[in-house]
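What follows is a short report on a single structure.
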Amino acid sequence: MTATSLPGAPPTAEWDTLPALQQPDWRHHPAYDRVREKLADAPPLVLPEELRELRAGLAAVARGEARLLQVGDCAESFYESTAEHTARRIAALDTLADRLADRVGQDVIRVGRLGGQYAKPRTNPTEVVDGITLPSFRGHLVNSEVASVQARWHNPRRLLWGYQFSGEVQRALRARRLESVSGPWSSHDALVIDYDGALVRTDPTTGARYLGSTHFPWVGLRTGDPAGAHVALLAAVVNPVAAKLGPATTPADALALCAALDPDREPGRLTLIARVGADAVAAALPPLVRAVRDAGHPVVWLSDPMHGNTLRTETGRKTRHLDTIVAEAATFLAVLAACGVPAGGLHLETSPDPVTECVGGAIRSDRSEQELATRYTSLCDPRLNTDQAAELVDRVFVTSKE
Ligand code: PEP
Ligand code: CO
């Protein structure tokens with residue numbers, strides 16, 4: 001754990017005084033202060049009126065009048081922020097959202113893990129590659145995926161590169177929203193406080209603070225402490241925000257997140273993303289949904305059926321089985337229906353490329369080792385390809401009103 005303020009420096013914001021897990025180790029890098037100054041002066045990447053529009057859309061989801069689909073890479077690559085690749089990612093999101101809209105007979109709000117999903121929380125600070133212990137890859141915002149000690153050093157200049165690449169992707173998203181009323185929005189895990197915290201801006205019209213780095217930030221499972229810096233950062237801004245809930249999350253934990261992130265009980269403000277695992281969901285989810293419902297928080301409920309269902313093959317490669325992912329998402333819908341609460345939709349890790357990272361569907365599990373190796377390009381967790389994601393939507397939303 002690294003404190004977020006320099007020793008002796010005055011705190012600049014409330015989150016700077018709180019413990020921040022999962023932060024890069026780069027305070028003593030010669031470029032650190034200069035990078036921070038540049039980011040503090042940079043124009044915001046998203047606009048307050050965009051945030052108001054997205055919040056209105058999410059309020060409709062919270063009321064059960066629309067759905068939400070949030071999809072994209074586990075870890076976005078700086079190298080894939082080209083116009084061509086971004087266009088393919090937006091097209092894949094649209095195709096999947098159209099399919100979901102067809103099945104449920106409602107509008108679908110489209111959100112990409114896109115335009116800033118460049119940082120990863122890690123369980124282990126190091127990993128062993130070919131017998132050599134290296135610092136873990138933490139996403140292109142922090143270090144390189146290349147397996148060498150130098151490439152894994154935490155480099156704060158990456159914050160400026162991330163800002164530039166994010167800007168390119170945000171321009172493509174904005175162009176698509178001008179073409180289509182149901183155009184896509186950006187989202188990412190607001191993990192690196194030196195990045196997202198430096199891009200907090202004030203709306204000149206309302207005086208409210210907003211996160212200028214993305215439309216819809218979330219806090220992940222490892223950084224979701226209601227008393228920590230990440231939750232304080234999201235509590236301080238008016239963006240729509242989300243938080244992940246895991247198998248160990250208690251009703252009291254969920255209510256503490258609601259109190260911090262949705263004190264005024266506003267529909268569209270807070271999304272809770274359940275990623276509890278297919279085995280645990282039937283028992284773990286109902287007490288969480290009931291507690292939040294009974295406390296009067298009109299949150300959007302989303303199922304992330306990916307992160308609680310990760311397996312390792314014999315060679316140590318991470319994968320997930322489509323059947324297990326379908327099982328968690330289907331149970332999620334059944335639990336929400338039984339609690340009388342609208343089910344917002346799905347949060348998925350997907351690729352527009354024909355990747356072979358998850359098994360199931362056209363990728364048979366009995367041939368997993370060979371098939372997985374043929375096109376496994378994820379920088380982090382295994383993603384569904386577009387055929388697998390389409391099959392998931394068809395199998396989970398079986399009838400038009402589910
Ligand atoms: C993720 O969404 O890629 C992730 C790391 O999720 P979680 O925080 O739920 O583990
Ligand atoms: Co992931």
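Every heavy atom of this structure was used, including side-chain atoms; hydrogens, water molecules and symmetry mates were not. Since the structure is predicted, the reported quantities are computational estimates derived from the model, not experimental observations. Whatever order the structure lists ligands and atoms in, that order sets their numbers, starting from 1.
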Asp94 bridged to Arg176 by N-O distance under 4.0 Å:
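A salt bridge links Asp94 with Arg176.
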
So which pairs with a foot in residues 273-289 pass side-chain hydrogen bond (donor to acceptor under 3.5 Å, both in side chains), sequence neighbours left out?
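Non-adjacent pairs meeting side-chain hydrogen bond (donor to acceptor under 3.5 Å, both in side chains): zero.
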
Please set out all donor-acceptor pairs under 3.5 angstrom arising from side-chain atoms of residues 159-169, sequence neighbours excluded.
{"from": "Tyr163", "atom 1": "OH", "to": "Pro43", "atom 2": "O", "distance (Å)": "2.5"}
{"from": "Ser166", "atom 1": "OG", "to": "Gly115", "atom 2": "O", "distance (Å)": "2.5"}

Going by distance alone, is a donor N or O of one side chain under 3.5 Å from an acceptor N or O of the other, for Arg177 and Ser182?
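Distance-only check fails for Arg177 and Ser182.
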
Please work out the angle at the Co ion (ligand 2) defined by atom OD2 of Asp381 on one side and atom OE2 of Glu349 on the other, rounded to 10°.
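The OD2/OE2 angle about the Co ion (ligand 2) sits at 140°.
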
Contacts table for residues 80-87: side-chain donor-acceptor under 3.5 angstrom, sequence neighbours left out:
{"from": "Ser81", "atom 1": "OG", "to": "Phe78", "atom 2": "O", "distance (Å)": "2.9"}
{"from": "Thr82", "atom 1": "OG1", "to": "His85", "atom 2": "N", "distance (Å)": "3.2"}
{"from": "Glu84", "atom 1": "OE2", "to": "Arg88", "atom 2": "NE", "distance (Å)": "2.9"}
{"from": "His85", "atom 1": "ND1", "to": "Arg89", "atom 2": "NE", "distance (Å)": "3.4"}
{"from": "Thr86", "atom 1": "OG1", "to": "Thr82", "atom 2": "O", "distance (Å)": "2.9"}

Would Arg375 and Glu357 count as a salt bridge (charged side-chain N to carboxylate O under 4.0 Å, His left out) if you check the C-alpha gap in whole Å, the side-chain angles of each, and the deciding distance to 0.1 Å?
CA-CA 7 Å; Arg375 202 170 164 119; Glu357 298 171 4; over 6 Å; no

Under 3.5 Å: N or O atoms of ligand 1 paired with protein N or O:
{"from": "ligand 1", "atom 1": "2 (O)", "to": "Arg113", "atom 2": "NH1", "distance (Å)": "2.9"}
{"from": "ligand 1", "atom 1": "2 (O)", "to": "Arg113", "atom 2": "NH2", "distance (Å)": "3.3"}
{"from": "ligand 1", "atom 1": "2 (O)", "to": "Lys244", "atom 2": "NZ", "distance (Å)": "2.8"}
{"from": "ligand 1", "atom 1": "2 (O)", "to": "His307", "atom 2": "NE2", "distance (Å)": "3.4"}
{"from": "ligand 1", "atom 1": "3 (O)", "to": "Arg113", "atom 2": "NH2", "distance (Å)": "2.9"}
{"from": "ligand 1", "atom 1": "3 (O)", "to": "Lys120", "atom 2": "NZ", "distance (Å)": "2.7"}
{"from": "ligand 1", "atom 1": "3 (O)", "to": "His307", "atom 2": "NE2", "distance (Å)": "3.0"}
{"from": "ligand 1", "atom 1": "3 (O)", "to": "Glu349", "atom 2": "OE2", "distance (Å)": "3.1"}
{"from": "ligand 1", "atom 1": "6 (O)", "to": "Lys244", "atom 2": "NZ", "distance (Å)": "2.9"}
{"from": "ligand 1", "atom 1": "8 (O)", "to": "Leu221", "atom 2": "N", "distance (Å)": "2.9"}
{"from": "ligand 1", "atom 1": "9 (O)", "to": "Lys244", "atom 2": "NZ", "distance (Å)": "2.9"}
{"from": "ligand 1", "atom 1": "9 (O)", "to": "Arg275", "atom 2": "NE", "distance (Å)": "2.7"}
{"from": "ligand 1", "atom 1": "10 (O)", "to": "Arg222", "atom 2": "NH1", "distance (Å)": "3.1"}
{"from": "ligand 1", "atom 1": "10 (O)", "to": "Arg275", "atom 2": "NH2", "distance (Å)": "2.9"}

Does Arg122 count as lying over the ring of Phe137, i.e. NZ or CZ under 6.0 Å from the six-ring centre, within 45 degrees of the axis?
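No.
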
N, O or S atom of His307 closer to the Co ion (ligand 2) than 2.8 Å
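For His307, the answer is yes, given that an N, O or S atom comes within less than 2.8 Å of the Co ion (ligand 2).
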
